[in-house]
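Written out below as structure tokens is the structure these notes cover.
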Number of protein chains: 2
Amino acid sequence: MPASKTALDPARLTAAVERLFSVLRHGNPPNDISLTAASTLRRLEREGPRRLTELAAAEGVTQPAMTQLAQRLERDGLAERTTDATDGRVVLVRVTQAGRDLLARRRAVRAEHLTALLRDLTPEDEALIAAALPALERLAP
Amino acid sequence: MPASKTALDPARLTAAVERLFSVLRHGNPPNDISLTAASTLRRLEREGPRRLTELAAAEGVTQPAMTQLAQRLERDGLAERTTDATDGRVVLVRVTQAGRDLLARRRAVRAEHLTALLRDLTPEDEALIAAALPALERLAP
DNA sequence: TATTGTTATACTCTATAACTATA
DNA sequence: TATAGTTATAGAGTATAACAATA
């Protein structure tokens, strides 16, 4: 049974993703950090210490924006900035334990919120989403 | 065959939605309006003219924030503000044709971007996502 | 001279507190 | 007095342009 006619409407999927994101976002803890801040911390946790330029490119922001974000993260104790021993120009950013703790707390809150949403769904709907999850992950790796 | 064990990991779904949203967002047209601005315009298009207080509550921002957003939208020609005839305190906001045009353009760009992403997916993956789409819509109505 | 990062400046977007106008 | 909205002020977050330090 070839899936030649999938009838997946991009506009509909886009709208669903946006609404889902919005719902998840409103379930955030108060005084939550920004999207870019969270994404940068996650990246540092996942990939280890990284350079400013590298982070700016990866997060799709300018170098000055990343400079300031790193300064805020450092001020809030979520990340540290060190200089590279072999190249005096380079600034390395790394996540602190407090940063890791914040990410863990954030994940727990969001998971709880999503779990509450899932309770209103039928087991069939939940199974369909579970089945599509790997495909969604491949769509945005 | 009851779906009692769906094994849907909330953290994984949250992460997938966030990454997907981020990817979709980076495919936005340059000088794109903000999340709240877009959401507010969509609401006005969908529900018709609304009051400031109502919009602020619906979008999850404060009244002053919505006042300023409405002023920016008006300045940019995307919305209009009128006073209610029966209650002099009330400000009604409505989307303009330029606002509708912008929403349509935005949808087209995003759909194109998503379509490009979908080209890298197998038909099976696309079918799985298509099958889960109604469930995702029910998850965040 | 090229690369890495910072500083200067300006704008959007948001919040809280204080205010004005209408009911 | 209560409600609807605005203004004042402060801070996060972003961009571009100009700058400093290192290679």
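Lettering follows sequence order; numbering is per chain, from 1.
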- Contact class for E54(B) (heavy atom, under 4.0 Å): base, sugar-phosphate, or nothing? nothing
- Integer-rounded Å distance: dT14(C) P and E59(B) CD: 9 Å
- Message: Can you see whether T36(A) engages E59(A) through a side-chain donor-acceptor pair at a distance of less than 3.5 angstrom?
- Response: no
- Nearest heavy-atom neighbours spanning L52(A) and A70(A): CD2-CB, 4.0 Å
- Query: Given atom CG of L69(B) and atom P of dT7(D), what is their separation to the nearest angstrom?
  - Reply: 15 Å
- Note on the structure: Here the distance between atom P of dT3(C) and atom CE of M66(A), to the nearest Å, is 20 Å
- Classify every nucleotide of nucleotides 15-20 of chain C by which part a protein heavy atom approaches to under 4.0 Å, writing B for the base, S for the sugar-phosphate alone and - for neither, in 5'-to-3' order. BBB---
- Message: Between P on dC13(C) and CG on D32(B), what's the gap in Å once rounded to a whole number?
- Response: 10 Å
- Message: With a 4.0 Å cutoff (strictly under), does any side-chain N or O of T36(B) reach OP1 or OP2 of dT14(C)?
- Response: yes
- Query: What does S34(A) touch in the nucleic acid at a heavy-atom separation under 4.0 angstrom: a base, only the sugar-phosphate, or nothing?
  - Reply: sugar-phosphate
- Query: In whole Å, what is the span from the CZ atom of R51(A) to the P atom of dT4(C)?
  - Reply: 5 Å
- Nearest whole angstrom, please: distance from the P of dT4(C) to the CZ of R50(A). 15 Å
- Item | Rounded distance (Å) that lies between atom P of dT3(D) and atom CG of L52(B) | 17 Å
- Mark yes when over 12 heavy atoms from residues, nucleotides or ligands other than R100(A) sit less than 6.0 Å from its CZ; otherwise mark no. yes
- Looking at DNA chain D, which of residues 75-95 of chain B put a heavy atom within less than 4.0 Å of it? R81(B), R89(B), V90(B), V91(B)
- Query: Same cluster or not: are F21(A) and I33(A) linked, directly or through other Ile, Leu, Val, Met, Phe, Trp or Tyr residues, by side-chain heavy atoms under 4.5 angstrom apart?
  - Reply: no
- Message: Just verifying a value: how many Å separate R107(B) CZ and L103(B) CG, rounded to the nearest 0.5 Å?
- Response: 5.0 Å
- Query: Could you state the CG-P distance from L73(B) to dT14(C), rounded to the nearest angstrom?
  - Reply: 11 Å
- Message: Looking at T67(A), I'd like to know whether one of its side-chain N or O atoms comes within less than 4.0 Å of OP1 or OP2 on dT6(C).
- Response: yes
